[in-house]
Amino acid sequence: MKKLRVLLVDDEILIRQGFKQLFDWEAHDCQVVGEAADGMEALSQIDLLRPDLVIMDINIPVMNGLKVIQCSRMKYPEMAFVIVSGYDDFAYCREALRLKITDYILKPVNYEEFGSCIDNLKIALFQRQLPPEAAPSEERVIVSITRYLQEHLSEEVSLGVLSEEFHLSAQYISQLFKNEIGVNFLTYFTNIRMERAKTLLLSTALSIGEISEQLGFLDYRVFTKAFKKAEGVTPSQFRRDFLEVSK
């Protein structure tokens, strides 16, 4: 998978420098291609650079970050935005959800959490890109494997299981995930399980225990711990927050 091209938008130069120096972009297959200090400059840089991802503060001069995202969405509907803000404000969060941002991270930035956000974004982008018939064989293999995982979310699937199913070495499959998607197998499988969990939490009345079983967790407490690590809140809180936003 090609490197993600990233634009940093924040009026504080120290924040931008922190992102460039304290986060290992190379390890996450990303490249910072530009910066902006206000909303109008951000729009200009977005048009000029066409980044895959924009890291955006809300409270920036001239035009606020939410307005920048709204304007950019009209031209570039597939562009990803992550808001990094010092404001833990419900109204901001609700508007951000409406604009379908990738994530909302509070300052000061936890770079481990931010790295998980980047990895999840890469997985989401990969899911949108089904290869054509003439795609290289490795791409076809990884798509077959990811489809298999989507169909077996309720089972304990390991690299060993995939090795037997696809008649490939576990080491080869492990390397495929890193080369084609940019994350390891466990990160990928956990992510798609959590995405399925969110869908079930928001669209069904299933209990946490029932959702846990559907996703292959024998103990709902293990599921709850995994969900909180991935999303920052428990499954129950995630469901409650959504109901509040929907009112």
- Message: Can you confirm whether Phe166 sits close enough to Leu176 that some side-chain heavy atom of one is under 4.5 Å from a side-chain heavy atom of the other?
- Response: no

- Item | From Met194 atom CE to Phe189 atom CZ, the distance as rounded to the nearest 0.5 Å | 9.5 Å

- Message: Do Val141 and Glu138 make a side-chain contact, defined as non-hydrogen atoms from C-beta onward lying under 4.5 Å apart?
- Response: no

- With side chains defined as the heavy atoms from C-beta onward, is the minimum distance between Asp57 and Ser85 less than 4.5 Å? yes

- If Ile, Leu, Val, Met, Phe, Trp and Tyr residues are connected whenever their side-chain heavy atoms lie under 4.5 Å apart, and connections chain through other members, are Leu66 and Met74 in the same group? no

- Pairwise side-chain contact, Leu7 with Ile55, heavy-atom cut-off 4.5 Å (strictly under): no

- Note on the structure: To the nearest 0.5 Å, atom CZ of Phe19 lies from atom CZ of Phe114 at 4.5 Å

- Message: Has Ser174 got a side-chain atom pairing as donor or acceptor with Ala170's backbone, closer than 3.5 angstrom?
- Response: no

- Message: Within the 4.5 Å heavy-atom criterion, are Leu4 and Trp25 side-chain neighbours or not?
- Response: no

- Query: Is the cationic atom of Arg193 (NZ for Lys, CZ for Arg) positioned less than 6.0 Å from the six-membered ring centroid of Phe217 and within 45 degrees of its normal?
  - Reply: yes

- Item | Side chain proximity check, Lys20 to Leu8, heavy atoms < 4.5 angstrom | yes

- Message: Would the distance check show the side chain of Thr146 and the main-chain N or O of Ile142 forming a donor-acceptor pair, the cut-off being under 3.5 Å?
- Response: yes

- Task: Verify whether one side chain among Arg73 and Gln70 offers a donor that lies under 3.5 Å from an acceptor in the other.
- Result: no

- Message: Under 4.5 Å between side-chain heavy atoms, counting indirect links through other Ile/Leu/Val/Met/Phe/Trp/Tyr residues: same cluster for Met63 and Ile83 or not?
- Response: yes

- Query: Are Ile192 and Leu186 connected in the hydrophobic side-chain network, where two residues link if heavy atoms are under 4.5 Å apart?
  - Reply: no

- Could you please spell out the steps behind the side chain to side chain contact (heavy atoms under 4.5 Å, CB included) verdict for Asp24 and Tyr111? CA-CA 9 Å; Asp24 191 346; Tyr111 287 103; over 6 Å; no

- Side-chain (Arg239) to main-chain (Leu201) donor-acceptor, under 3.5 angstrom: yes

- Task: Give a yes or no on whether the backbone of Val183 and the side-chain of Thr187 come within a donor-acceptor separation of less than 3.5 Å.
- Result: no

- Item | Note, Ile145 side chain near Phe177 side chain (heavy atom, < 4.5 Å) | yes

- Heavy-atom closest pair, residues Glu35 and Arg16: OE1-NE, 2.7 Å

- Are Lys107 and Ile15 close enough that some pair of their side-chain heavy atoms sits under 4.5 Å apart? yes

- Message: Are Val161 and Leu159 connected into the same hydrophobic cluster when the rule is that any two of I, L, V, M, F, W, Y join if their side-chain heavy atoms are below 4.5 Å apart?
- Response: yes

- Item | Short side-chain donor-acceptor distance under 3.5 Å, Ser116 and Asp119 | no

- Exceeds 12 heavy-atom contacts within 6.0 angstrom, atom CD of Glu164: no

- Query: Could you give the distance from CZ (Arg5) to SG (Cys30), rounded to the nearest 0.5 Å?
  - Reply: 12.0 Å

- Exam field: side chain Glu195 to backbone Asn191, donor-acceptor pair closer than 3.5 Å: no

- For Ile60 and Asp10, work out which heavy atoms get closest and say how close. CG2-CA, 4.2 Å

- Looking only at heavy atoms, which two atoms of Phe223 and Pro235 are closest? And how far apart? CE2-CG, 3.6 Å

- Task: Determine, stepwise, if the pair Met56 / Val68 fulfils side chain to side chain contact (heavy atoms under 4.5 Å, CB included).
- Result: CA-CA 9 Å; Met56 172 83 68; Val68 172; 3.3 Å; yes

- Task: Mind listing the closest non-hydrogen atom pair of Asp38 and Pro61 along with its distance?
- Result: CB-O, 3.4 Å

- Query: What's the shortest heavy-atom distance between Ala37 and Glu41, and which atoms?
  - Reply: N-OE1, 2.9 Å

- Task: Report yes or no: do Tyr76 and Asp47 form a side-chain donor-acceptor pair below 3.5 Å?
- Result: yes

- Task: To the nearest 0.5 angstrom, please state how far the CD atom of Gln150 sits from the CZ atom of Arg196.
- Result: 9.5 Å

- Task: Without swapping roles, check the side chain of Ser203 against the backbone of Thr199 for a donor-acceptor pair under 3.5 Å.
- Result: yes

- Under 4.5 Å between side-chain heavy atoms, hopping through other hydrophobics if needed: is there a path connecting Leu22 to Val32? yes

- Is the number of heavy atoms from other residues, nucleotides or ligands within 6.0 Å of CG (Leu218) greater than 12? no

- For Met40, does its backbone N or O pair with a side-chain atom of Ser44 as donor and acceptor, under 3.5 Å? no

- Message: What verdict does the side chain to side chain contact (heavy atoms under 4.5 Å, CB included) test give for Glu210 and Glu213, after you've listed the backbone C-alpha separation in whole Å, the side-chain angles of each residue and the deciding distance to 0.1 Å?
- Response: CA-CA 5 Å; Glu210 288 169 328; Glu213 287 180 16; 5.7 Å; no

- Task: Show your reasoning for whether side chain to side chain contact (heavy atoms under 4.5 Å, CB included) applies to Cys117 and Glu113.
- Result: CA-CA 6 Å; Cys117 166; Glu113 175 189 347; 5.9 Å; no

- Only one of Val6, Val82, Leu53 passes side-chain contact (heavy atoms from CB on, under 4.5 Å) with Ile118, and that residue is Leu53

- Quick one: CG on Asn64 to CD1 on Ile58, what's the gap to the nearest 0.5 Å? 7.5 Å

- Message: If I take atom OG from residue Ser207 and atom OH from residue Tyr220, how far apart are they, to the nearest 0.5 angstrom?
- Response: 10.5 Å

- Query: So which heavy atom on Ser72 is nearest to which on Leu43, and how close?
  - Reply: OG-CD2, 3.5 Å

- Can any side-chain N or O of Lys122 pair as donor or acceptor with the backbone N or O of His28 at less than 3.5 Å? yes

